[in-house]
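These notes are about the structure you will find just below.
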Amino acid sequence: MATCKECGARKRRWPRSCSRCRSESGGAEVAGEAADLAVSVGVLGWITRGVMSVVRLVIRAFN
C-alpha cells in the first residue's frame, strides 16, 4: 500500500486518489463552477443566435 503525499493516509495504488483527500476536496465547488460555465456558454449561445437572426432580418430588409 502507498501513502498519500498530501495527508499521509494509506491508499491503494498511485493513480487512485486518497479517499480522505477526495472527500475533503472541493469537488462540489468544481461541479458548481462547471455548471456556472455551462450556463454562461448556453446564454452566450442564445445571445449569438439572437444577434445573428437580427442581422439576417436587417439584411433582408435592405435587399
Side-chain angles (χ1 to χ4, degrees):
M1 295 211 123
T3 58
C4 178
K5 291 180 182 177
E6 293 180 23
C7 67
R10 293 172 56 118
K11 63 177 196 155
R12 291 179 67 182
R13 288 190 288 167
W14 172 76
R16 297 183 183 203
S17 59
C18 173
S19 60
R20 184 185 305 174
C21 291
R22 184 177 51 223
S23 64
E24 293 175 0
S25 69
E29 293 176 14
V30 172
E33 290 174 8
D36 290 341
L37 179 63
V39 168
S40 299
V41 169
V43 168
L44 288 175
W46 280 104
I47 291 171
T48 303
R49 287 185 196 115
V51 169
M52 292 304 294
S53 63
V54 169
V55 168
R56 282 190 214 117
L57 288 173
V58 170
I59 290 173
R60 285 182 185 172
F62 286 114
N63 283 336

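What's counted below: heavy atoms across the whole structure, side chains too, no hydrogens, waters or symmetry copies.
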- Query: Partners of Val43 by side-chain contact (heavy atoms from CB on, under 4.5 Å), sequence neighbours excluded?
  - Reply: Val39, Ile47
- Item | Nonpolar side-chain network containing Leu37, other nodes, edges under 4.5 Å | Val41
Pair up each side-chain donor or acceptor in residues 52-63 with any protein partner under 3.5 Å, not counting sequence neighbours, and list the distances.
| residue | atom | partner | partner atom | Å |
| --- | --- | --- | --- | --- |
| Ser53 | OG | Arg49 | O | 3.4 |
| Ser53 | OG | Gly50 | O | 2.7 |
| Asn63 | ND2 | Ile59 | O | 3.3 |

